[in-house]
Amino acid sequence: MEEQLDTIAQWLVGAKRTVVFAGAGLSTESGIPDFRSPGGVWDRYDPEDFYFQNFVSSEASREKYWQMATEMYESMKHALPNAAHLAIGELEKLDKLDCVITQNIDGLHFKAGNSPDKVLELHGTAMHVTCLSCNKRYDRDEVQGRLAKGDKAPRCDACRGLLKPATISFGQSMPERETTAAYERSGACDLFIVIGSSLMVHPAAMMPVVAKRNGATLVIINRDETACDDQADMIIRGQAGAAMTGIMERLRGLLAR
Ligand code: APR
């Protein structure tokens with residue numbers, strides 16, 4: 001592991017464009033469960049219940065969705081960035097980061113110091129709510145307040161449209177700007193680092209493949225096997241926090257020379 005961390009730090013020094021790709025495994029050390037590990041979100045909820053088509057077609061599905069979303073939001077609302085998030089923030093400060101492509105909806109990259117123009121939220125964000133009809137934006141806590149008062153599936157004040165956290169559900173269209181930019185940055189980078197993702201959900205999981213096809217070096221930092229391990233130049237099978245801390249210590253040392 002030590003030698004691997006040395007090598008990754010050297011790759012970071014030499015790289016012109018480094019892209020970090022993040023999944024839910026990046027935030028478990030901040031107390032937010034991931035989706036597919038034992039005890040994860042999909043252990044407690046059936047993903048079928050959370051298809052976008054269900055949300056728009058039935059009041060019962062909307063109430064169920066908001067129940068799950070409220071529980072997930074409670075685990076995110078007070079969460080703090082962990083060592084791995086802070087390492088990505090530091091990469092930006094050291095001018096060693098092209099961008100972060102994230103599947104995470106918890107907003108922790110911003111709390112860790114990454115600037116909005118460096119973060120591509122492919123699956124949206126849980127930190128605010130939008131109306132699906134008129135796109136009016138609502139503060140998440142304000143809407144949670146309505147739920148707490150018994151409104152099980154809130155509606156828009158302006159048009160009575162359906163309110164939904166600004167996340168991308170299965171079957172919902174991907175955000176165009178972020179998705180296009182993610183493909184472009186993945187195709188243009190020379191170092192691509194995956195942190196905490198099973199790489200099972202598409203089109204997000206295409207990004208490491210695009211990077212590899214365009215000649216980038218691919219690093220995967222993940223506790224368990226991923227769907228792209230066979231394409232990786234380096235695999236760190238361990239905790240993201242410890243791995244990123246080790247890499248940053250070495251990088252600082254190399255940059256100080
Ligand atoms: N350090 C390193 N790896 C970790 C850690 C950790 N502290 N904690 C968990 N992991 C790994 C797990 O082993 C798992 O392989 O992170 C991975 C998380 O995978 P998923 O739960 O599948 O999460 P993700 O890849 O982000 O899921 C993609 O699926 O459910 C949808 O929209 C949701 O964005 C999500 C998408």
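Note that ligands are numbered from 1 as they come in the structure, with each ligand's atoms numbered from 1 the same way.
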* To do: Specify side chain, backbone, both or neither for Asn222, according to which of its non-hydrogen atoms lie closer than 4.0 Å to ligand 1.
  => both
* Structure fact -> Ranked by distance from atom 9 (C) of ligand 1, the top protein heavy atom is Asp34 OD2, 3.3 Å
* Contacting atoms of ligand 1, where contact means under 4.0 angstrom from a heavy atom of Glu29 -> 1 (N), 6 (C), 7 (N)
* If you measure from the Lys or Arg side-chain nitrogens to the Asp or Glu carboxylate oxygens, is any gap between Arg250 and Asp6 under 4.0 Å? -> yes
* Asked: Below 3.5 angstrom, do we get any N/O pair linking Ala240 and ligand 1?
  -> yes
* Flag if over 12 foreign heavy atoms under 6.0 Å of CZ, Arg36 -> yes
* Structure fact -> the protein heavy atom lying closest to atom 3 (N) of ligand 1 turns out to be Arg223 N, 3.0 Å
* **Those atoms of ligand 1 less than 4.0 Å from some heavy atom in Gly238** => 1 (N), 2 (C)
* Classify the side-chain pair Lys164/Ser169 by whether it contains a donor and acceptor separated by less than 3.5 Å. => yes
* Structure fact -> Tested for side-chain hydrogen bond (donor to acceptor under 3.5 Å, both in side chains) against Thr226, the lone hit among Asn222, Asp229, Asp224 is Asp229
* Are the charged groups of Asp190 and Lys16 less than 4.0 angstrom apart, N to O? -> no
* Just wondering, more than 12 heavy atoms not from Glu3 lying within 6.0 Å of its CD? -> no
* Gly40 to ligand 1, any heavy atom closer than 4.0 Å -> no
* Which atoms of ligand 1 have any heavy atom of Trp42 under 4.0 Å away? -> 30 (O)
* Asked: Taking non-hydrogen atoms only, is Gln239 closer than 4.0 angstrom to ligand 1 via side chain, backbone, both or neither?
  -> both
* Would you tell me whether Thr167 and His123 have side-chain atoms, one donor and one acceptor, within less than 3.5 Å of each other? => no
* To do: Inspect the contact between Lys136 and Asp157 and indicate whether a charged nitrogen and a carboxylate oxygen are less than 4.0 angstrom apart.
  => no
* Starting from atom 26 (O) of ligand 1, find the nearest protein heavy-atom neighbour and note its residue, name and distance. => Ala24 N, 2.8 Å
* To do: Distance to 0.1 Å, residue and atom name: give those for the protein heavy atom nearest to atom 6 (C) of ligand 1.
  => Gly25 O, 3.3 Å
* For Met200, does the CE atom have more than 12 heavy-atom neighbours from other residues, nucleotides or ligands under 6.0 Å away? -> no
* To do: State, without any angle test, whether Thr28 and Asp34 hold a side-chain donor-acceptor pair at a distance under 3.5 Å.
  => no
* **N-O pairing of Arg17 and Asp98 below 4.0 Å** => yes
* Shortest protein contact, atom 36 (C) of ligand 1 (heavy atom only) -> Val201 CG2, 3.7 Å
* Count the heavy atoms of every other residue, nucleotide or ligand shown that sit under 6.0 Å from CZ of Arg137, and state whether that count exceeds 12. => no
* Structure fact -> Heavy-atom proximity to atom 25 (O) of ligand 1 ranks first, among Pro33, Gly23, Ser197, for Ser197
* Asked: Of the protein's non-hydrogen atoms, which lies at the shortest distance from atom 13 (O) of ligand 1, and what is that distance?
  -> Asp224 OD2, 2.4 Å
* Asked: Can you tell which of Arg237, Gln103, Arg36 gets a heavy atom nearest to atom 27 (O) of ligand 1?
  -> Arg36
* Just heavy atoms, cut-off under 4.0 Å: does Thr28 contact ligand 1 by side chain, backbone, both, or neither? -> side chain
* Does Pro47 come within less than 4.0 Å of ligand 1, judged by its heavy atoms? -> no
* Structure fact -> Ranked by distance from atom 19 (O) of ligand 1, the top protein heavy atom is Ser198 N, 3.2 Å
* **atom 34 (O) of ligand 1 - nearest protein heavy atom and its distance** => His123 ND1, 2.8 Å
* Asked: Do NZ/NE/NH1/NH2 and the carboxylate oxygens of Lys93 and Glu90 come within less than 4.0 Å?
  -> no
* **Whether Met200 lies under 4.0 Å from ligand 1, heavy atom** => no
* Asked: Do Asn104 and ligand 1 have an N or O pair less than 3.5 Å apart?
  -> no
* Asked: Would one find an N or O of Glu225, backbone or side chain, under 3.5 Å from an N or O of ligand 1?
  -> no
* **Least distance between heavy atoms, Pro208 atom then Leu199 atom** => CG-CD2, 3.9 Å
* Per atom 33 (C) of ligand 1, closest listed option by heavy atom (Phe170, Phe35, Phe50) -> Phe35
